[in-house]
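Inspection log for the structure reproduced underneath, given as C-alpha cells.
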Amino acid sequence: MLSSFATATSSSSSSPYETSRSWWKFNFTTNSCATFFPSSVSLPQETSGINRAEKRPKSINHNHQLYTNGYTHHDNDEPLRILIFAESFPTFTSGVTRRFKEIIRRLAKRQHHIHVITGCKNAPTWVEGNELLEEYVTFSILPSTDFKDKIDCACPFLFPNPTIYSVIRRFSPDVIHIIEQTPGALLCGAFAKALNIPIVWSSHTNIDFYLSTYIRLGAITMATRTYQFIRLKHLMHSSINLTVSKDFADFMEHTGVPHPVIVWKTGVDSELFNPTQHSRSMRYRMFGTYNNFTEEQMDSITLFLCVGRISPEKNFEFLSLVLERIPSQTFLCIVGDGPFRNTVEPLFPKDRVYFFGFLAGEELASAYASADFFIYASISETFGQVYLEAMASGTPVIAAEGGQLKEFFVNGEHGYFWKPDNLDSAEEAIRLAMKNRNYLSKKARQQALKHSWDSASDQVNDIYYEAIKKHNDKEENKNKNMNKLTHIWRVFYYFIIWLFCNSLALFLMAPFVRVSPPQSIAAQKRNKNNKNKNSFEEKHNSIMTKKLSFS
C-alpha cells in the first residue's frame, strides 16, 4: 500500500532557500493510497487534522530547487535542508537509532531543517515536548513490515515506495543522508541520483557477515557477491560514503566501494553513562527473584552484564557455553529483548542468569554502572555502541575480539577480549579481568571520555557541506538545469538500475534465506565439545591400558 502525502502551502517567501522558521515546517502522512506523481501534477491537500506545522509557500520556484538543487554556495554556518532516510528510528532501539537521536539533536541546534523518512510508526513522538526538535525536525512515516522484537516498537522494514520520490521533491533537500542498503534505501538513492542531489551514504551493519548466518551454506558465496555488486552499484553514486570503524571501511574499500570510505566517529553520553549511576537497588534487581539471594550474597557475587537485542547474530549461545566454564560465584544479567528470547533463554541456567528485559535511559545507565563487568560475545559488530556505554560507566569490557575494538579498546587496559569461538580464550580473559577490576574500570572511563557526540556531530556537519561542494564541483553538474524530458529519463534510468539490482537479490538471495534456531547451534557446539572431550578421554584410556599391559 502506498502512502498519501500533503501539499505544503503557506504565505509567500522571497527566496526558495529561505530558512525562516515561519514556513518550512510540514508533515507527510501515510493513511491512504498515492501514486507516482510527475512534477506538473499537484498533490492532494492535507487536512487540518493531519497538519502539525506551518506549511511551505506556493510561490517557491520548485523547478530551480528540484532540477538544480540551488547550486548556491553554502558556508559552513549556513543552515541546510537535510533529508535522512532511516528505516529504523526511535522508538525502535539499536545502536544506529541512538546515534541518530544524538546527532539530530545537535544538527537542530545549528538550525538545520531535518526531514526523516522512516518506517517506525511512533517516530514523531520522539520530538514531542522538545520545542527545538518540534521546530526543526519532521517525518514521513511510510508503510513497513512489523518484525516484533518486544522492544517497545516493531523492527521496521520499509517497503520500496514511489512516495519516496515525492517526499524528496517536496522537501527539496540540499543533501540526502541514506542509512544502510535495504531495498527502500536503494530506491531513495536512485531517486536522489535522478534528481541530482548530493548523497551521503552510511553503512552501519556488516551485512556480509550476516549473510553467512542467514543464507544456506551452499549459496553463501553467490549471495555475498550479489549483495556486494548491488552495494557497489549504488554507493558509487554517493558524494561521500561513511561507516563507523576503520576495520569495516577497509573491508568495504576492498570489495570495490570507492575510496575513501570515511570513518564517522562515535560518541557516548558520558554524563548519562557514568560510574555515579551505581545503585545497590538496581544491582539487587539485576539478580532477579528466582534465587532469593541475600543482600550480602549479591554484594559479593561477581555480576556480569550483557546488553543487546536477543537475535542469532549476537552469539548468545556461545555466551551460554562460556558461563559453564567460569566460577559458580558469578551471575549474568541480560538486558534486552528480541525475537529469539524464547529459544535463547532455555540455554541458560535459571540460578545463574536473569533476563531483565528492556531498559532505557537512566535505568539502563544504572544497570551498566551497577555491574562488575560487561560481557559480549557478538562478533558481527561494525562498532558496538554498548562497549563505549559500559566503559563510560566504569565497567570493564570482556568481549569477543573484533576489528571494531581497535578503534577505542586496548586489551589489558580497558578490559580483555577473547579469540572468537574459543572457550579456553574466553575463560582466560574472564579470569584475568577479575584480577584487575579497579584498574580496568578507571582506564575504561578515561578512554570513553575521549569520544563525544559533539565531535561526531561536528564531523558529519562538515561532511554534509563537503558532499554538497564535491557534488557541485563536478563538471557535469555545473550550471546544469534539467528540462522535464531529461528529468523523466533520469528517473526512468536510475529506477531501472534499482529494479535490476533488486531482481538479482530476489532471485539469487531471497530463496536461500534461513534462520537457524540458537538452541540448535548451541547444541551443535556442545556436542562438538563433548565429542572432543570423549575423544581425549578415549585416547588417554587407550594409552593407560597399553602401559598397564606392558608392565
Side-chain angles (χ1 to χ4, degrees), residues 1-3 30 83-90 92-97 99-100 115-121 123 139-149 153-165 167-168 176-194 199-215 223-238 241-244 248 252 255 257 309 311 313 339 380 382 494-495 497-513 515:
M1 179 73 69
L2 303 183
S3 306
T30 58
L83 187 143
I84 296 176
F85 185 97
E87 294 194 4
S88 59
F89 199 81
F92 177 72
T93 301
S94 70
V96 178
T97 59
R99 171 187 287 266
F100 277 90
H115 190 77
V116 181
I117 299 177
T118 182
C120 230
K121 297 176 177 60
F139 296 88
S140 289
I141 312 299
L142 302 188
S144 65
T145 58
D146 288 345
F147 294 131
K148 296 296 182 182
D149 63 359
C153 182
C155 175
F157 183 84
L158 194 152
F159 296 117
N161 193 327
T163 302
I164 296 169
Y165 169 85
V167 172
I168 296 172
I176 295 179
H177 187 157
I178 304 173
I179 302 162
E180 306 294 18
Q181 296 94 44
T182 61
L186 296 177
L187 183 59
C188 181
F191 287 146
K193 184 63 179 176
I199 302 170
V200 172
W201 213 311
S202 59
S203 302
H204 303 258
T205 305
N206 189 350
I207 299 297
D208 306 73
F209 176 88
Y210 282 15
L211 290 175
S212 64
T213 301
Y214 291 104
I215 297 293
T224 301
R225 290 178 178 175
T226 300
Y227 168 71
Q228 290 176 354
F229 170 80
I230 295 171
R231 177 172 63 193
L232 175 59
K233 197 68 178 174
H234 287 79
L235 265 58
M236 64 187 297
H237 297 316
S238 305
N241 288 305
L242 305 177
T243 190
V244 291
F248 194 52
M252 291 179 67
T255 61
V257 176
R309 188 167 179 268
S311 53
E313 65 274 6
S380 66
T382 52
Y494 288 107
F495 179 78
I497 292 176
W498 172 85
L499 189 62
F500 170 73
C501 289
N502 279 270
S503 297
L504 288 179
L506 183 64
F507 292 107
L508 299 181
M509 295 175 66
F512 306 102
V513 172
V515 177

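Proximity of P143 to N161: side-chain heavy atoms (C-beta onward) are separated by under 4.5 Å at one or more points. The closest side-chain heavy-atom distance from I199 to H177 is not below 4.5 Å. Using a 4.5 Å heavy-atom threshold, the side chains of I117 and E87 count as separate. With a 4.5 Å cut-off on side-chain heavy atoms, K233 and L186 do not count as touching. Counting heavy atoms from C-beta outward, I179 and F100 have side chains that approach closer than 4.5 Å.
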Between I215 and T224, is a side chain to side chain contact (heavy atoms under 4.5 Å, CB included) present by the stated rule, with each step listed? CA-CA 9 Å; I215 297 293; T224 301; over 6 Å; no
Which is it for Q181 and S203 under the side chain to side chain contact (heavy atoms under 4.5 Å, CB included) test, yes or no, and what are the steps along the way? CA-CA 8 Å; Q181 296 94 44; S203 302; 2.7 Å; yes
T163 and S140: side chain to side chain contact (heavy atoms under 4.5 Å, CB included), yes or no, with the steps? CA-CA 10 Å; T163 302; S140 289; over 6 Å; no
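I176 and A192 make their closest contact through CD1-CB, 3.5 Å (heavy atoms, listed as atom of the first residue, atom of the second, distance). Summarising the geometry of L235 relative to N241, their closest heavy-atom pair is O-ND2, 3.2 Å, with the distance given to 0.1 Å.
Under the ring-ring contact (aromatic ring centres under 6.0 Å, His included) criterion, Y494 pairs with H237, sequence neighbours left out. Here H234 pairs with nothing under the ring-ring contact (aromatic ring centres under 6.0 Å, His included) rule; sequence neighbours left out. In this structure, the side-chain hydrogen bond (donor to acceptor under 3.5 Å, both in side chains) partners of R231, at least two apart in sequence or on a different chain, are D208, T255. Shown here are the side-chain hydrogen bond (donor to acceptor under 3.5 Å, both in side chains) partners of T205, two or more places apart in sequence or in another chain: E180. A123 meets the side-chain contact (heavy atoms from CB on, under 4.5 Å) test with F89, T118, C120, F139, I141; sequence neighbours excluded.
Atom CH2 of W201 and atom CD1 of I178 lie 4.0 Å apart (nearest 0.5 Å). To the nearest 0.5 Å, the span separating CD1 on I84 from OG on S202 amounts to 9.0 Å. Distance check, rounded to the nearest 0.5 Å: CD1 of I207 to OH of Y227 gives 5.0 Å.
The ring of F85 has its center no closer than 6.0 angstrom to the ring center of H115.
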Could you go through residues 497-510 and list every donor-acceptor pair under 3.5 Å that involves a side-chain atom there, pairing it with any protein atom two or more places apart or in another chain?
unit_1: W498; atom_1: NE1; unit_2: P183; atom_2: O; d: 3.0
unit_1: N502; atom_1: ND2; unit_2: W498; atom_2: O; d: 2.9
unit_1: S503; atom_1: OG; unit_2: L499; atom_2: O; d: 2.8

